[in-house]
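Below is one structure, written out as structure tokens; the observations come after it.
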Amino acid sequence: MAMALCVSCKKDDNNEPDGGITGGNGTIAGHEYVDLGLPSGTLWATCNIGADSPEDYGNYYAWGETETKSTYNWSTYKWCNGDYDKLTKYNTNSDYGPIDNKTVLDLEDDVAHVNWGGGWRMPTYKEIKELRKCKWKWTTQNGVSGRKVTGPNGNSIFLPAAGCYNGGILDNVGSNGYSWASSLYTDVPIASYGLYFTSTFVRMESNYRQYGRPVRPVCSPQN
């Protein structure tokens, strides 16, 4: 069973200069953020959850889970009874279990909020779409491949190509980058939205919730 819906794509902006990555603008609850000058004012963290630096891959989480594990599949997924058609939470279709019509993660299931507190949370579908409007450049930082993302005000973050866990195997390290959104893919609720990028494109995609992927937290401007 395979799914990868490309919601929207953006090609590499080869006109973006190879400048250094900007430092953070401040901290919230002990974690550094960058103000990219986005219309929404959303503040993006400088690192993934579990990372000590922007280029560190950090930890990998299934969607809606708040702890790491060794195997990422439906039999170990928290929000189902052993298989994809037995969902127990975040479901909009009776073909996959009882319906609760929850389409955004509750804060207690949001790994950014649970691990960092202080107003930190996972980005929404709309916030990742907004981030995609920035300038994206495939580059390396301290020997790690990934994307430099430069906002309207010239500030930048770095997203490493950290790969993704499928079962017990970490795939595509150094070539593919991912980050979960907090939004469910309501048409097929065994999937949820997230960011997906390579050296040639940047996408908003939906994919199976049981995969282990990094998370890059955000904060609303009032925090």
Side-chain angles (χ1 to χ4, degrees), residues 1-14 16 34 36-45 47-49 54 57-58 60-65 72 90-93 102-105 109-113 120-139 145-152 156-166 171-173 175-220:
M1 183 171 60
M3 168 181 288
L5 172 67
C6 175
V7 179
S8 52
C9 300
K10 179 185 178 79
K11 293 183 178 179
D12 191 25
D13 185 352
N14 291 315
E16 168 63 18
V34 171
L36 294 168
L38 299 170
S40 69
T42 302
L43 307 173
W44 282 81
C47 299
N48 292 341
I49 295 175
Y57 297 153
Y60 299 79
Y61 300 92
W63 188 82
E65 295 188 354
Y72 294 80
Y90 305 107
N91 186 23
T92 56
N93 187 327
K102 286 181 175 287
T103 60
V104 178
L105 288 173
D109 302 323
D110 184 318
V111 65
H113 179 76
W120 289 107
R121 55 179 174 76
M122 292 167 64
T124 64
Y125 173 90
K126 289 183 179 180
E127 287 166 338
I128 290 184
K129 281 191 69 177
E130 181 183 55
L131 187 71
R132 288 189 59 261
K133 295 178 182 178
C134 295
K135 294 181 179 179
W136 290 71
K137 178 69 178 181
W138 183 261
T139 186
S145 296
R147 287 276 189 170
K148 176 187 176 184
V149 186
T150 303
S156 302
I157 58 173
F158 179 76
L159 299 172
C164 169
Y165 266 100
N166 182 5
D171 288 326
N172 301 317
V173 174
S175 61
N176 295 13
Y178 305 90
S179 187
W180 282 125
S182 61
S183 306
L184 184 72
Y185 180 47
T186 56
D187 289 348
V188 186
I190 57 174
S192 53
Y193 286 109
L195 176 68
Y196 171 36
F197 63 85
T198 68
S199 62
T200 56
F201 62 77
V202 180
R203 294 177 180 171
M204 170 71 77
E205 82 164 357
S206 66
N207 221 313
Y208 294 123
R209 292 158 50 172
Q210 88 279 15
Y211 289 153
R213 295 186 167 184
V215 172
R216 179 63 61 95
V218 298
C219 253
S220 299

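Heads up: numbering here begins at 1 and tracks the sequence.
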Audit row: Val188, Asn93, side-chain contact (heavy atoms from CB on, under 4.5 Å) steps and yes/no: CA-CA 7 Å; Val188 186; Asn93 187 327; over 6 Å; no
Check: Tyr125 side chain, Met204 main-chain N or O, donor-acceptor pair, under 3.5 Å: no
Gap separating the CZ atom of Phe197 from the CD atom of Glu205, nearest 0.5 angstrom: 12.0 Å
4.5 Å side-chain heavy-atom contact, Cys164 and Asn172: no
Separation between CG of Leu159 and SG of Cys47, rounded to the nearest 0.5 Å: 10.5 Å
Test item: Val173 and Tyr57 side chains (from C-beta on) under 4.5 Å apart, heavy atoms: yes
Interatomic spacing from CZ in Arg213 to CG in Asn166 - rounded to 0.5 Å: 9.5 Å
Val202 and Val149: CA distance, side-chain angles, deciding distance, side-chain contact (heavy atoms from CB on, under 4.5 Å) verdict: CA-CA 11 Å; Val202 180; Val149 186; over 6 Å; no
Any side-chain heavy-atom pair of Tyr193 and Tyr185 under 4.5 Å: yes
Distance-only donor-acceptor check, side chains Asn207 and Tyr178, under 3.5 Å: no
Donor-acceptor side-chain pairing of Tyr196 and Asn176 below 3.5 angstrom: yes
Nearest-0.5 Å distance, OG1 of residue Thr103 to CG of residue Asn91: 12.0 Å
Separation of Glu65 CD from Gln210 CD (nearest 0.5 Å): 10.0 Å
Sole candidate of Met122, Arg121, His113 that passes side-chain contact (heavy atoms from CB on, under 4.5 Å) when paired with Leu105: Met122
Short side-chain to backbone donor-acceptor contact, Trp180 and Tyr61, under 3.5 Å: yes
Pairwise side-chain contact, Leu36 with Leu131, heavy-atom cut-off 4.5 Å (strictly under): yes
Residue pair Arg147 / Thr198: nearest heavy atoms and the distance that separates them: NH2-O, 2.8 Å
Approximate separation, where rounding is to 0.5 Å, of Ser183 OG and Trp63 CH2: 8.0 Å
Distance-minimising heavy-atom pair for Trp44 and Ile157: CB-CD1, 4.2 Å
Option passing side-chain contact (heavy atoms from CB on, under 4.5 Å) with Val215 (candidates Asp110, Val111, Asn48): Val111
Side-chain H-bond candidate by donor/acceptor type, Ser156 with Thr150, under 3.5 Å: yes
Which atom of Phe158 lies closest to which atom of Lys148, heavy atoms considered: CD1-N, 4.3 Å
Verdict with supporting geometry, Glu127 and Ser182, side-chain contact (heavy atoms from CB on, under 4.5 Å): CA-CA 10 Å; Glu127 287 166 338; Ser182 61; over 6 Å; no
Smallest separation among heavy atoms of Pro160 and Pro54, with atom names: CD-O, 3.5 Å
Sidechain-backbone polar pair: Tyr72 side chain, Tyr60 backbone, donor-acceptor under 3.5 Å: yes
Minimum-distance pair of heavy atoms, taken over all atoms of Thr186 and Thr92: O-OG1, 2.8 Å
Working for side-chain contact (heavy atoms from CB on, under 4.5 Å), residues Leu38 and Cys134: CA-CA 9 Å; Leu38 299 170; Cys134 295; 3.6 Å; yes
Where Pro214 and Gly163 come nearest, the two heavy atoms and their spacing: CD-O, 3.8 Å
